[in-house]
Amino acid sequence: MKKQFGEYYLGLDMGTNSVGYAVTDTNYNVLKFNRKGMWGGKTFSRGKNGCRFKESSGGKAQA
C-alpha cells in the first residue's frame with residue numbers, strides 16, 4: 001500500500017562545508033518515512049579558493 005503526503009515543507013541549510021535538510025508538515029512537525037524522521041545533514045571537507053569559471057562583461061559565466 002502506497003502512502004502519499006499532503007502539503008509539506010523542505011527546509012535546506014547550506015553552509016560552506018555542510019548541508020542540512022528537514023521535511024515537515026505545515027505545522028512544522030518532522031515527517032517520517034519508513035518509521036525514520038526525514039531530516040539529516042552531510043559535512044564535507046572545506047572547499048578551496050578559486051573557481052574555474054570567471055564572469056565576463058556581459059554577466060554570464062564562461063569556462
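Partners of N27 according to the side-chain contact (heavy atoms from CB on, under 4.5 Å) rule, which considers only residues two or more places apart in sequence or in another chain, are D25, N29. For T26, the side-chain contact (heavy atoms from CB on, under 4.5 Å) criterion is met by E7, Y9, not counting sequence neighbours.
When hydrophobic clusters are built by joining Ile, Leu, Val, Met, Phe, Trp and Tyr residues whose side-chain heavy atoms come closer than 4.5 Å, directly or via intermediates, V19 is not grouped with W39. When the side chains of ILVMFWY residues are joined at heavy-atom separations under 4.5 Å, either directly or via intervening members, Y28 and V30 end up in two distinct hydrophobic clusters.
The two residues K32 and M38 come nearest to each other via the heavy atoms C-CG, 4.2 Å. Heavy-atom minimum distance, F44 versus T16: CE1-O, 3.8 Å. Here the shortest heavy-atom pairing between T43 and S18 reads CG2-CB, 3.9 Å.
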